[in-house]
Amino acid sequence: MVETTYKHNRTPLIAGNWKMNLDHLQAIAFVQKLAWSLKDAGHSSSDVEAAIFPPFTDLRSVQTLVAADKLQLAYGAQDVSQHDSGAFTGEVSGAFLAQLDCTYVIIGHSERRTLHAESDEVVAAKTASAIKHGIVPIICVGETAEDLDKHGPSAVPVAQLKAALAGVTSASDIVVAYEPVWAIGSGQAATPEQAEAVCAALRAVLDETLGSDVASKTRILYGGSVKSTNIGGFMKQPNVDGALVGGASLDLAEFASIIRFQKHAF
Ligand code: PGA
């Protein structure tokens with residue numbers, strides 16, 4: 001059993017990135033069932049915070065449900081525009097997400113970086129925009145298999161994090177997610193030791209750039225083929241404070257089991 005004081009009081013965060021799956025009706029059913037299942041199991045969000053990241057079109061439905069039923073579930077968007085408003089067809093502003101009571105927004109996911117050519121500069125601008133609108137950015141960093149061969153495990157994620165923090169001050173609340181690109185959706189997760197080594201290097205970047213207070217309070221997540229059977233190994237690492245879960249977050253029992261890792265993995 002994990003003590004709540006471990007890891008400098010950082011509350012573990014299990015974040016489910018639905019990607020482009022589940023429409024708003026499916027989202028309502030999923031969120032209701034997930035919330036009931038966690039409640040039945042006596043889960044408390046003060047022990048482990050759970051958050052879901054549905055498509056934009058689901059957010060209003062999720063907001064209404066969470067508010068009406070006072071569900072212990074956080075939510076956020078999978079992306080945000082770097083701009084506040086204007087002629088940016090297809091983009092969604094941080095101001096709009098704030099109106100939907102989004103706590104978090106995922107920024108710089110590798111699929112955005114690769115499929116939508118998001119540069120480190122864009123990731124930094126989006127991070128600053130989220131903070132400006134009072135939304136906590138979950139800044140994603142991670143190396144490809146090729147980067148790993150060429151530069152070793154932490155060089156690319158460290159450089160990506162440094163770039164993303166350009167507009168972040170020590171007063172900002174942020175979350176960092178280390179997601180090796182080779183582990184995403186591949187079924188081949190990093191080992192807990194690999195995740196720990198990079199997460200420790202990322203914490204050192206936070207320490208250097210934003211100071212030790214921020215470094216000790218900021219949650220750093222691991223992402224990439226996380227399942228209920230491997231979450232425990234990651235959560236035992238001193239610098240891993242949670243997980244960003246893709247595929248397994250779409251399976252209700254599996255996602256609930258990942259959120260409840262303290263009950264079966266310690
Ligand atoms: P995965 O995805 O859990 O399906 O590997 C993780 C992610 O892309 O955030």
Side-chain angles (χ1 to χ4, degrees), residues 12-22 26-27 30 34 48-56 58-59 73-80 102-118 123 126-127 130 135-145 147-148 153 156-157 160-161 164 174-192 194-196 198-199 202 219-235 237 240-261 265:
L13 172 62
I14 303 294
N17 174 13
W18 290 2
K19 309 192 180 186
M20 198 171 74
N21 294 292
L22 306 186
Q26 294 169 316
F30 189 99
L34 178 64
V48 177
E49 189 184 358
I52 52 153
F53 295 80
F56 284 130
D58 300 5
L59 286 171
L73 197 61
Y75 58 89
Q78 299 171 14
D79 184 30
V80 65
C102 287
T103 304
Y104 300 105
V105 61
I106 296 172
I107 293 180
H109 188 279
S110 75
E111 285 148 23
R112 300 288 322 168
R113 291 181 190 260
T114 311
L115 306 174
H116 300 271
E118 277 189 15
V123 171
K126 290 185 170 190
T127 299
I135 302 166
V136 178
I138 299 184
I139 304 166
C140 299
V141 298
E143 80 289 356
T144 62
D147 292 334
L148 188 62
V156 167
Q160 287 175 340
L161 181 59
I174 61 168
V175 173
V176 177
Y178 167 52
E179 296 207 304
V181 181
W182 47 268
I184 295 177
S186 66
Q188 189 207 334
T191 65
Q194 281 175 312
E196 168 60 20
V198 179
C199 291
L202 296 174
R219 289 170 297 178
I220 303 181
L221 316 181
Y222 165 77
S225 298
V226 171
K227 298 182 185 66
S228 61
T229 47
N230 63 17
I231 182 69
F234 294 113
M235 294 310 298
Q237 305 303 314
V240 180
D241 306 309
L244 184 51
V245 185
S249 76
L250 297 167
D251 178 325
L252 203 130
E254 180 66 6
F255 190 50
S257 176
I258 295 171
I259 294 166
R260 300 182 63 249
F261 71 89

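First listed ligand is number 1; within each ligand, the first listed atom is number 1.
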D147 side-chain N/O to P157 backbone N/O, donor-acceptor pair under 3.5 Å: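 No; zero donor-acceptor contacts below 3.5 Å.
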Any donor-acceptor N or O pair under 3.5 Å, side chains Y178, E196: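 No, because no side-chain N or O of Y178 sits under 3.5 Å from a partner of the opposite role on E196.
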Under 3.5 Å side-chain donor-acceptor pair for Q78 and W18: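 Short answer, no.
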N-O pairing of E118 and R113 below 4.0 Å: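 No salt bridge links E118 with R113.
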Pair E111 + K19: basic N to acidic O under 4.0 Å: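 Yes, charged N to carboxylate O under 4.0 Å.
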From I107 atom CD1 to I138 atom CD1, the distance as rounded to the nearest 0.5 Å: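 These two atoms lie 9.0 Å from each other.
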Within the 4.0 Å heavy-atom sphere of ligand 1, strictly under, residues: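 Under the 4.0 Å cut-off, ligand 1 touches N17, K19, H109, E179, A183, I184, G185, G224, S225, L244, V245, G246, G247.
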